[in-house]
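Inspection log for the structure reproduced underneath, given as structure tokens.
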Amino acid sequence: MTRNRWTPWDSAPATGGGADPVRVYCLPHAGGSAGAYLAWARSRQAPGLHFVPVELPGRGTRMGEPPLTSLREVVDGVLSVLRERPAGEPFVLFGHSMGAQIAYETTRRLVAEERPLPRALVVSGCRPPGSPAALPLHDGDDERLIKDILELGGTPAEILEHRELLAMLLPVLRTDLTLLNAYMDEVRPTVLPVPVVALGGTDDLLSGAEWVGGWRAVTAGGFRQRVLPGDHFFLHSRVDEVMAEISAAVTDRAGTAG
């Protein structure tokens, strides 16, 4: 497989024909990088899966590039990654928070373009499309935004104390939140012919348990939901359970896409 700059750690051999491993393309939260999934990519906890972190411009290994300003541009990049897959090779799309909306919109584009669909769409820590935006921008008030981010958990306070680092991270975060909030205002959700697994955290201040079941409305291909202990970034403290849900989505024949 040709190395795509969007997927810096995709080292799995091209299998073709549906043999293991199944690639799971992992899409990050707002302001996040592919590094959030680096431990997953190196993990052997789910031997039938190969986790492929997707790197968006403006962060991580692509820090020198300007961040994208519309969700459509982001999806264009994800589609370019999927075009490099061997024909017939199964895959899964996984997204957390903003990444869940990217994964959903990517699946919609695949449907519209009559291209191969993922075995499943696994969404985590995110309100269903068309819901009210979860995190306000605070009109340029960095201190209030930082306070909101700290309350979500998952971000070491020491990082937020380094002003030089913040000067690089906050513009990317604001760009992501701006495009995400615009998308949530404009999107008109459609029903996918793909199974959906929706995950949430019991103490998630943005997309708690009350939002998880709303994803049922966007699929005609089967739906399963699970709420795990933890805050907005529960997926990193409950990684075994999250990987188990993804594995189940791949192996459950009732949850496969055509």
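When a residue number appears, it is its place in the shown sequence, counting from 1. These figures come from a predicted structure and were not determined experimentally.
Here the side chains of Leu56 and Pro28 are in contact, with some heavy-atom distance below 4.5 Å. Counting heavy atoms from C-beta on, the side chains of Val54 and Tyr37 never come closer than 4.5 Å. Glu105 places a side-chain heavy atom less than 4.5 Å from the side chain of Tyr183. Inter-residue side-chain proximity for Val75 and Arg108 is flagged as unmet; no heavy-atom pair is nearer than 4.5 Å. Looking at Leu38 and Pro53, their side chains never come closer than 4.5 Å, going by heavy atoms from C-beta outward. Counting only heavy atoms from C-beta outward, the side chains of Asn4 and Thr7 approach each other to under 4.5 Å. Looking at Glu113 and Leu79, their side chains come closer than 4.5 Å, going by heavy atoms from C-beta outward. Proximity of Pro21 to Leu49: side-chain heavy atoms (C-beta onward) are nowhere separated by under 4.5 Å.
Salt bridge status for Glu55 with Arg5: absent, with no side-chain N to carboxylate O gap under 4.0 Å. At a threshold of 4.0 Å, the pair Asp176-Arg59 counts as salt-bridged, since one of the basic side-chain nitrogens sits closer than that to a carboxylate oxygen.
Checking side-chain atoms of Ser131 against main-chain N and O of Pro128 turns up a donor-acceptor pair under 3.5 Å. Within the 3.5 Å criterion, the main-chain N or O of Val250 finds a donor-acceptor partner in the side chain of Arg119. The closest donor-acceptor contact from the side chain of Ser70 to the backbone of Glu73 lies under 3.5 Å. Put simply, the side chain of Thr106 gets close to the backbone of Ile102: a donor and an acceptor are under 3.5 Å apart.
A donor and an acceptor atom, one from each side chain of His232 and Ser97, are located under 3.5 Å apart. For Ser124 and His96, the side-chain atoms include at least one donor-acceptor pair closer than 3.5 Å.
Aromatic ring orientation, His236 versus Trp40: perpendicular (interplanar angle above 60°, classes split at 30° and 60°).
A cation-pi arrangement, defined by a distance under 6.0 Å to the six-membered ring centre and an angle within 45 degrees of its axis, is absent between Arg42 and Trp9.
Counting all heavy atoms, side chain and backbone alike, Pro189 lies closest to Val218 at CB-CG1, 4.4 Å. Among all heavy-atom pairs drawn from Gly31 and Val172, the shortest one is CA-CG1, 4.4 Å.
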Audit row: Val197, Val123, side chain to side chain contact (heavy atoms under 4.5 Å, CB included) steps and yes/no: CA-CA 6 Å; Val197 177; Val123 293; over 6 Å; no

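Interatomic distance, CG of Leu199 versus CZ of Arg224, reported as 8.5 Å (0.5 Å rounding).
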